[in-house]
Structure formats: C-alpha cells, structure tokens
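Take a look at the structure below.
First the proteins, then the strands, lettered A, B, ... as listed; each starts at 1.
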Amino acid sequence: MYLKQAINSVAFFKAIDCCQGEVLLHTKEKDVLNLRSQLCRFVFAVALSEGSLFADARVECSDPSDYLLLQDYLTA
Amino acid sequence: MEHKEIRIDTLREILLKVYGVYTTVCTRDTFTPVDINAPRREALQALLYMDADFRKTADGKPFDREKQYFYCNTLGMIWLFSIDDTRAYIIGPAFTDNYSMLDILDQLDSRNLSGPLKMEMREFIRQIPVISSHRMQQYGMMLHCCLTGSTLTIQQVVILNDTPRPMPEGPGSATISTNYMLEKKLWKAVREGNLDYRKELENTMANVTAGYVSDGNYLRQDKNLAIAQVTLACRAAMEGGLSPEIAYPLSDQYIRRIEACRNVSEVSEICLGVLEDYIHRVRQAKLRSGVSAQICECCDYISMHPEENPDIQKLAQKYGYTPYYFSKKFKQEVGMSLREFTTREKIERAKVLLTQSSLTVSDISEMLGFNSQSYFGSNFRKLTGLTPTEFQIGLDAAVKNDNVRG
C-alpha cells in the first residue's frame with residue numbers, strides 16, 4: 001500500500017498508535033522508517049512537510065489487520 | 001486591534017526577529033493552530049503533538065489562564081504556553097541544550113538515512129533554536145505579562161511531561177542563580193526554616209541570570225547549578241540546626257537523583273523539592289531545639305516585613321504574654337533582643353535594595369523605617385563594617401572586576 005499525498009501527520013500517528021504490529025515506511029531512496037519510533041516520526045513529519053521526499057512511499061504493516069486502521073491514509 | 005493583541009504581536013515579532021524563537025497561536029479549546037510564525041509549519045505542529053497529548057493537565061483539570069505550562073518531549077525539545085479566553089499562545093520549540101540537538105543528529109547518522117533525507121533533517125534541526133531553560137522562563141514571563149498585565153510567579157508555572165506524574169505541591173519550575181545577594185536571602189530562609197522562601201526564590205528567578213558552568217550543554221549546566229544548590233542548602237540547613245547525620249545523606253540522595261535526570265524539567269522539579277525539604281527539616285529541628293512556635297512565627301513575620309517597627313505590646317498581647325516576659329523569652333530563644341533582631345533584618349533587606357534597585361540611600365532609610373539617614377548609616381556600619389554607599393560602590397567594583405575578568 002502507498003502513502004497518500006497531503007495527509008495530516010498528527011492524525012496519522014494517532015491511527016498508528018492503534019495498530020497492533022509494526023508500521024514501516026519504505027521510500028524510493030531506500031530509507032526505512034519504523035513509524036512507532038519517536039525519532040522516525042520526527043523524520044517523517046519533517047520530510048512530509050517537504051513534499052517530494054515521500055512520493056511513492058510504501059507502507060508495510062506487520063499485522064495485516066492494521067491496514068484497515070490506516071485506510072484513510074493509504075492507497076493501493 | 002485591542003491593546004493585548006498588539007502586545008502579543010509585538011512580543012512574537014521580537015521573539016522571532018531578535019531571538020529566532022517561533023510562536024504559535026491556537027484555539028483554546030482544541031489547540032488548532034491559527035497562526036504559526038515559522039517555516040515548515042506542518043512539521044513543527046506535528047512535533048508538538050506527536051509525543052503525547054499535552055492538551056490536558058496531568059490531573060485532568062482544564063487549563064488555567066492564571067498559570068503557564070511547560071512541555072518537554074522525548075526528543076528534548078521544550079515549549080511553553082499560556083491561555084486566555086479564546087486562544088492558547090505557544091512559544092517554541094527550542095532545544096534546552098546542545099546535547100539534545102547533537103544527540104538527535106547522532107541518532108539520525110546511525111540510521112544511515114539517504115542523502116536527501118539526511119540533508120533535510122539537518123537543515124530542519126538547525127532551524128530550532130537552543131535556549132536555556134532560564135531564558136525560556138523569561139520569555140514565559142513576558143508572555144504572561146502581555147496577556148494578563150501581571151507578573152508570573154513560580155507557583156503559577158506547571159510542568160507538563162510526556163509521562164504523566166504527580167506535580168509537586170507549591171512552586172513550579174526554577175533555576176537557581178548565582179547572584180550573591182539574592183542567594184544569601186534564599187539560604188537565610190533555609191537557615192531559619194522560613195517557609196516563606198518562595199518570595200525570595202521568585203525574586204531570584206526574576207532578577208538574575210546564572211553564569212555558564214558547563215561547556216554549552218544546558219542540561220549539564222542545570223545539573224551543575226542544581227548540585228551546587230543542594231550543597232549550599234545542605235550547609236545552610238546544618239547552620240540552621242539540622243543534624244549532619246540527616247543533612248549529608250539527604251544531599252547525597254538528591255545529587256544522585258539529579259545525575260539521573262533526563263531533561264531540565266526533571267532537574268527543576270528536584271530543585272524545588274530540595275528547598276522545601278531542607279526548610280521543613282530545619283523548621284522541625286528548630287521547633288524541637290527549644291525555639292517556640294510563637295517566636296518562630298514572630299521571627300518569620302519580622303523577616304518578611306522588616307520595614308515595620310514591631311510593637312512589643314501588640315506582639316506580647318498576640319501571644320498571650322506580658323511585654324516583659326515576651327522580651328525575655330525572645331532574647332532567650334533567639335539569642336538577641338527583638339530590637340537587635342529587627343535591625344539586623346532591616347540591614348539585610350537594605351543590602352538587597354542597595355544592590356538590586358535604583359533607590360537612593362535616603363529612600364531606603366525611609367522605606368525601612370529608620371528615623372534618620374544617619375541612624376540607618378550607623379546601624380549599617382555597625383553590622384557590615386561599611387557605610388551604605390561604600391557597600392554599594394564596593395559591590396559595583398566587584399561586579400565590574402568580574403566582568404573584566406569574564
């Protein structure tokens with residue numbers, strides 16, 4: 001699943017807090033951010049505000065049921 | 001535009017253009033940003049909200065417009081805010097020490113981020129100012145004054161942490177300064193077990209700036225100052241009658257706790273607990289050592305109001321004694337007469353006024369209730385060995401010498 005553009009990162013983090021498993025973000029530049037980590041959230045928030053860094057970024061949930069919780073922020 | 005809005009806008013402009021500090025105006029109810037005067041607004045907003053929901057107090061009570069709130073996230077960034085009827089005004093973020101900033105950069109380096117992301121992060125982090133907690137407190141005082149027109153006292157400061165925990169009773173955050181005269185007043189309060197020390201602490205907070213006692217690391221700076229405070233409080237408490245068997249182990253315990261602190265908020269909380277703890281213990285020791293509660297109370301009152309010339313008739317009547325017996329009891333327990341004690345307190349206050357205010361010797365003499373300036377001068381010289389003017393000049397010279405050396 002891919003990350004939608006122009007999402008609200010604060011709301012996205014809240015949704016991730018409800019997830020059961022790990023939530024990883026893979027970027028085109030081969031960066032991998034674990035979005036449960038505060039430091040990675042910091043990187044995510046900063047990079048998201050820049051815009052182009054997360055174009056075509058892929059989100060991977062270790063627990064498949066978590067995709068449902070994040071559906072507002074993801075696209076196929 | 002209302003006067004208050006003009007004051008707030010001016011403060012925000014100054015903080016941004018002079019100090020590089022960002023501010024945010026939010027709605028009071030939901031903390032939805034209305035105006036952020038910073039680049040990368042979305043990122044700054046996310047930073048503020050990503051750790052924990054600071055938008056409620058630890059005890060669940062609504063925010064109080066008479067108070068000011070400090071919030072520190074797990075990455076070592078700090079914000080402070082105050083509210084009015086409709087808005088919340090946030091100052092920050094800022095790093096309180098270089099160490100936090102460098103630590104984040106190190107952590108990012110260890111994650112092997114790609115070139116563009118690493119550059120982006122470095123650029124962003126460098127836009128966040130490094131400001132000591134003491135300086136943040138001063139900005140907070142300015143904000144409170146703009147909103148309410150009144151001075152912020154330390155009892156009005158609340159520290160919100162990412163991990164909820166019970167707030168200490170009494171005063172909020174404080175950094176102990178190295179200002180000699182005000183420090184002396186503070187340690188005097190500890191020696192005397194005077195619970196009204198908060199006034200001196202507020203005075204210290206509002207008027208002085210601590211020297212640098214670390215190499216650019218503000219957490220270390222606050223820890224060093226806190227350890228110095230514990231050491232001095234311990235010595236003052238022993239001079240006040242607290243047993244060394246109690247005072248020294250207590251000091252060791254506090255220093256260990258300070259060393260274990262992860263951020264400046266934790267250090268500040270411990271600092272306030274130290275003073276309260278030692279003062280209570282000294283007070284208890286005094287009560288046990290033969291100084292009666294009435295005399296303690298009487299001394300506290302005189303210390304707080306040295307400008308009043310105590311009326312022995314009224315004091316004796318208040319405590320149910322004859323004037324003769326009260327005088328005798330006072331001298332027996334305190335070791336000096338009521339008049340001598342009052343004069344000593346007046347002179348102590350005069351020392352502070354001479355060095356911390358623009359009042360003339362004549363003004364101070366009159367303010368402290370001396371019958372004449374010459375009588376004030378002779379009492380001052382008797383207790384300090386200097387005339388008020390010599391004292392003032394001597395201190396000025398010492399300050400100038402220090403500045404030259406620094």
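Proximity to chain A (any heavy atom under 4.5 Å) is restricted, for B/Ile125, to the side chain, taken from C-beta onward. Contact annotation for B/Met77: only side-chain heavy atoms (C-beta onward) come within less than 4.5 Å of a heavy atom of chain A.
Between A/Arg41 and A/Asp17, at least one side-chain nitrogen of the basic residue sits less than 4.0 Å from a carboxylate oxygen of the acidic one, meeting the salt-bridge criterion.
The residue from B/Lys4, B/Arg65, B/Arg28 that alone fulfils the salt bridge (Lys or Arg N to Asp or Glu O under 4.0 Å) condition with B/Asp84 is B/Lys4. For the side-chain contact (heavy atoms from CB on, under 4.5 Å) with A/Val46, the qualifying choice from B/Glu123, B/Glu42, B/Met121 is B/Met121, the only one to do so.
The 12-atom threshold is exceeded at CD of B/Glu259, counting heavy atoms of other residues, nucleotides or ligands nearer than 6.0 Å.
Between chain B and the options A/Phe13, A/Phe44, A/Phe42, heavy-atom pairs under 4.5 Å are most frequent for A/Phe42.
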